2 protein chains.
Amino acid sequence: MRSPEELTTAFRAAGLKVTPQRQLLFTLMHNNSAHPTADSLYAVASKQMPGISLRTVYQTLTDLTEMGELRTIEVGAGAMRFDPNVSDHHHAVCDVCGAVQDVYVNQAPELRGLDGFAVADAHIVYRGRCASCSASVKRS
Amino acid sequence: MRSPEELTTAFRAAGLKVTPQRQLLFTLMHNNSAHPTADSLYAVASKQMPGISLRTVYQTLTDLTEMGELRTIEVGAGAMRFDPNVSDHHHAVCDVCGAVQDVYVNQAPELRGLDGFAVADAHIVYRGRCASCSASVKRS
DNA sequence: TTCTAATTTGCAACGATTGCTAATTAGCAA
DNA sequence: TTGCTAATTAGCAATCGTTGCAAATTAGAA
Ligand SMILES: [Mn+2]
Ligand SMILES: [Mn+2]
Ligand SMILES: [Zn+2]
Ligand SMILES: [Zn+2]
């Protein structure tokens with residue numbers, strides 16, 4: 001996702017308005033590696049802008065996704081997550097704390113059973129324990 | 001997933017009753033490679049047993065999953081799918097018709113960015129066009 | 001056949017998301 | 001600077017998939 005400044009220009013160029021709500025969300029998502037849900041982002045945004053609506057958070061995240069600035073990821077159960085990192089990558093979800101981190105694969109694996117299926121996209125979700133949760137287990 | 005006969009024995013051994021509803025669902029899921037949702041299974045079950053409730057379908061699928069006879073899979077959006085194939089495998093989802101087919105990977109890919117994350121499980125969802133939908137495109 | 005714990009059913013409630021609309025406002029033009 | 005208006009916001013209802021709950025039913029043991 002581009003910087004808040006670049007997005008401001010891009011929005012205006014597309015005939016969209018740059019509102020205080022949108023500016024706040026631009027800055028909250030820029031370089032955000034937490035893979036937040038709409039609701040968790042709303043919680044953070046509400047602290048800085050009391051009264052912002054969850055509906056607006058959803059709307060802006062959808063707009064940014066349609067513009068290709070964000071990608072959405074589903075990690076099994078729970079709400080949709082939004083990712084400003086639109087490069088080709090995968091995700092690891094901690095079963096203990098729920099944290100989501102980026103994972104890159106070096107070479108695509110060899111497949112069996114494809115049987116004529118034309119693959120356009122692949123997304124891997126790894127599950128396990130993140131580094132800090134693994135450390136907690138050793139300590140206890 | 002085991003055969004309806006074996007499941008009958010297993011259920012009784014676990015102190016669970018074998019009802020007509022459960023027997024029907026055992027046979028509908030046995031060797032079922034369609035990866036049905038609860039709702040699509042309910043539609044099929046209703047034809048053979050009018051009056052069966054969606055709630056019972058959910059309940060029985062949950063029971064079978066907890067017993068390890070089924071696994072659940074999430075393929076991005078839409079409802080949960082149930083799979084009697086509990087072997088280690090992945091899925092390809094057709095973006096045109098929604099069909100889900102099994103995919104096996106020969107060797108796990110090399111990962112970057114894991115950074116201490118202890119992987120317990122991986123699930124790959126491929127998206128694209130299934131063989132028959134690819135054929136339709138060529139024809140048109 | 002009787003008894004009772006397990007099951008089924010229907011419906012309410014839930015969490016995540018989207019549709020709708022009245023009120024507000026960004027940004028352009030005068 | 002002011003006025004105009006299309007875009008946006010906020011609030012709330014509605015939707016979808018799923019689960020909680022409780023009354024009625026029933027499998028299967030005694
Ligand atoms: Mn990511
Ligand atoms: Mn499968
Ligand atoms: Zn963790
Ligand atoms: Zn298809």
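Letters A, B, ... are given to chains in the order of the sequence lines, protein chains preceding strands, and every chain is numbered from 1. For clarity, every value in this text was computed on a predicted model and none was experimentally measured.
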Atom OH of B:Tyr42 and atom C1' of D:dT19 are separated, to the nearest Å, by 16 Å
Interatomic distance, B:Met80 CE vs D:dT18 P [rounded to whole Å]: 6 Å
Mind calculating the distance between CZ (A:Phe11) and P (C:dC28) to the nearest angstrom? 16 Å
Using Watson-Crick geometry (N1-N3 plus N6-O4 or O6-N4) or G-U wobble (N1-O2, O6-N3), each under 3.5 Å, C:dA30 is paired with D:dT1
Figure out the CD/C1' separation between A:Glu74 and C:dA16, and round it to whole Å. 10 Å
Are A:Tyr126 and A:Val103 packed together at the side-chain level, in the sense that at least one heavy-atom pair is separated by less than 4.5 angstrom? yes
Begin from the C-alpha positions of A:Arg71 and A:Asp83 and carry the test salt bridge (Lys or Arg N to Asp or Glu O under 4.0 Å) through to its verdict. CA-CA 5 Å; A:Arg71 60 179 278 207; A:Asp83 193 348; 5.1 Å; no
Any side-chain N or O of A:Thr19 less than 4.0 Å from the OP1 or OP2 oxygen of D:dT9? yes
Could you state the atom-to-atom distance from CD of A:Gln23 to C1' of D:dA7 in whole Å? 15 Å
State, with a plain yes or no, whether a side-chain heavy atom of B:Ser3 is found less than 4.5 Å away from one of B:His30. yes
Residue closer to the 5' end of DNA chain C, B:Arg22 versus A:Arg12 (nearest nucleotide): B:Arg22
Answer whether the closest heavy-atom distance between the side chains of B:Ile124 and A:His90 falls below 4.5 Å. no
Here the distance between atom P of C:dC14 and atom CG of A:Asp39, to the nearest Å, is 16 Å
Answer yes or no: is there a side-chain heavy-atom contact under 4.5 Å between B:Asp102 and B:Asn85? yes
Rounding to an integer number of Å, can you tell me how far B:Phe26 CZ sits from C:dT7 C1'? 13 Å
Looking at side-chain heavy atoms only, is the closest gap between B:Leu64 and B:Phe26 below 4.5 Å? yes
Against B:Val125, only a single residue in B:Ile73, B:Val93, B:Val100 fulfils side chain to side chain contact (heavy atoms under 4.5 Å, CB included); can you say which? B:Val93
Under 3.5 Å, which N/O atoms of the protein pair with N/O atoms of nucleotides 4-6 of chain D?
residue: D:dA6; atom: N3; partner: A:Lys17; partner atom: NZ; Å: 3.2

Ordered by number, residues from residues 45-64 of chain B within less than 4.0 Å of DNA chain C (heavy atoms) are B:Gly51, B:Ile52, B:Ser53, B:Arg55, B:Thr56
Of B:Gly78 and A:Leu16, whose closest DNA chain D nucleotide lies nearer the 5' terminus? A:Leu16
Please check if atom CD in A:Gln107 has more than 12 non-hydrogen atoms from other residues, nucleotides or ligands closer than 6.0 Å. yes
Any ion pair linking A:Arg127 and A:Asp95 (charged N to carboxylate O, less than 4.0 Å)? yes
